[in-house]
Amino acid sequence: MTALLELEGVHAGYGPTSVLHGVSLEVPEGGAVSLLGANGAGKTTTLRAITGGVHWSGDIRFGGRSLHRMSTEQIVRRGIAHVPEGRGICTELTVDENLKLGAHRRHNDAELRKDYDRVFAYFPVLKERRRLSASTLSGGEQQMLAVARALLMKPRLMLLDEPSLGLAPMVVRAIFEIIRTINRENRVAVLLVEQNARIALELSSHAYVLEVGRVAVEGESGALQGNESVRRSYLGY
Amino acid sequence: MQELFQLVVSGLAQGGIFASLALALVLIYNAMGLVNFAQGEMAMFATFIAFTLISRGVSYWIAFPVTLVLAFGGGVAIQRLVIRPVERAPVLTLVIITLGMATLINGLAGVLFGYLPRAFDSPFPPSSVGLFGVYIGYQDLGVIGMSGLVLLAVYLLLQHTTVGLTMRAAAHHPEASRLLGVSVSWMLALGWGLAAAVGAVSGIMVAPVLLLEPNMMQTTIIYAFAAAVLGGIESPLGAVVGGLMVGVTVNLAGVYLPFVGGDLQLAVALAIIVAVLVIKPNGLFGRASGRRV
């Protein structure tokens, strides 16, 4: 089976500063993959390269087709939902309007209504606050909104950039539970960037550890969890 | 009392004209943090198009919407051809470009249509109607009604359609919008088109009052700046309220403040700009904003 997303020797950076020095990784169809590593290792830049937010060379293929020279919106419309660092919530808009933005290119109303029901079943708090400004939501609720909005895009792949950042452990657990459900039940592949390696490895089946722009270690999540030297030197727990 | 009421109504009519042009300024300011100094000249040029159509025998009520569509197209074209290549330039560069466009459009209108002021016939009868003991000109009522309709249409478009939603999102959160599949660059183009059309309404409304010539909008644009600043330059609602307030204020000041008269009305608008910037820089409806860097 070919991978849904493949990165092959990707170099990327900002102006003269290069951040990625030949990153290769794969996300299988419906799979869950973690991308771990210290601050500044290039995790966020990897995600940004995938959705065309930085200049890159090498090759990135999605569903077998190269994403080379495609604009962000073209890439996203092929079925990649990217929940960026800081969640990308439009705070001038209401919760409902944020969700509508996620769904704005969907045309099958019956199917969309089902997806709304599903999203509100996952995150009942969003239904209660539909009419409120998104700026009134707590950090955890904003993260929920970002994931819900991504789900309404009906993606084949979801890129999640540090969904646990700044959230209380209980909230993190709840959100990861939903991400797991989205991955298993809706067959949406997930590429998860995390500092919190422990919780990421519990979710994913495969993981890559980045170190200064290169893949330092990769393997089954279970194997990495069980390997004490990897855990100590790269994952910090 | 009666006189006051009549002055308020004609002030509202003027204010509707200012509001349309101010709204055009706000639409572009919202989309890219830029004050479009060519907005008035764009409106003037559109008015010449309407004038040309009407003088060729096209009915006013057909020429009006046709002009708005053409103005919309012109606005989109300006964004694609002139603004987009320099989108990432510093805002000062963009300001200079809009100033250059203003001069260019002004000169182009002079070459194409000449500098001779022309009478632009109003579609509304010159008579007036008695309401509650005051006489209100059909001209004023018509202008109030037309600007009201246009402003309502823009409101509905922005607040209650998917395109409007994506335009607002693209304006405030371009990066996040791109990740949701919004084509931010085309949303900007739509913003320019919409602004050009809304601005054109003000030109067509004001032409019967001022006589049509290439410099026609050069005072109206000042009133529109005052309206936009008063309302809070980021707020479409503020532009409308600001426009009406400036219209009424200027009209009342012209009559009740003897030293203002007809000659210093523009100075009242400038005084409003200065006063707002000193006392409440975010305007009536503006959010206190952190600066985007």
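Chain identifiers are assigned alphabetically (A, B, ...) following the order of the sequence lines, protein sequences preceding nucleic acid strands; residue numbering begins at 1 within each chain.
The shortest heavy-atom contact between B:I17 and B:V143 is CG1-CG1, 3.7 Å. Of all non-hydrogen atoms in A:F176 and A:L203, the two that sit nearest each other are O-CD1, 3.7 Å.
A:D59 places no side-chain N or O within donor-acceptor distance of the main-chain N or O of A:L7, the cut-off being under 3.5 Å. With A:K43 contributing its side chain and A:L210 its backbone, the two residues share no donor-acceptor pair below 3.5 Å. Not one N or O on the side chain of A:N186 forms a donor-acceptor pair closer than 3.5 Å with the backbone of A:T181. A distance-only check finds a donor-acceptor pair linking the side chain of A:Y208 to the backbone of A:E26 [under 3.5 Å].
Heavy atoms closer than 4.5 Å to chain B are found in the side chain of A:L93, but not in its backbone. The part of A:I89 that comes within reach of chain B is its backbone (N, CA, C, O), which places non-hydrogen atoms under 4.5 angstrom from that chain.
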Only pairs under 3.5 Å, no angle test: what donor-acceptor pairs are there between chain A and chain B?
unit_1: A:E73; atom_1: OE2; unit_2: B:S183; atom_2: OG; d: 3.4
unit_1: A:R77; atom_1: NE; unit_2: B:G181; atom_2: O; d: 3.0
unit_1: A:R77; atom_1: NH2; unit_2: B:G181; atom_2: O; d: 2.8
unit_1: A:T91; atom_1: N; unit_2: B:H173; atom_2: NE2; d: 3.4
unit_1: A:E92; atom_1: OE1; unit_2: B:H173; atom_2: NE2; d: 2.7
unit_1: A:E97; atom_1: OE2; unit_2: B:R168; atom_2: NH1; d: 3.4
unit_1: A:E97; atom_1: OE2; unit_2: B:R168; atom_2: NH2; d: 2.9

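A donor-acceptor contact closer than 3.5 angstrom links the side chains of A:S164 and A:E194.
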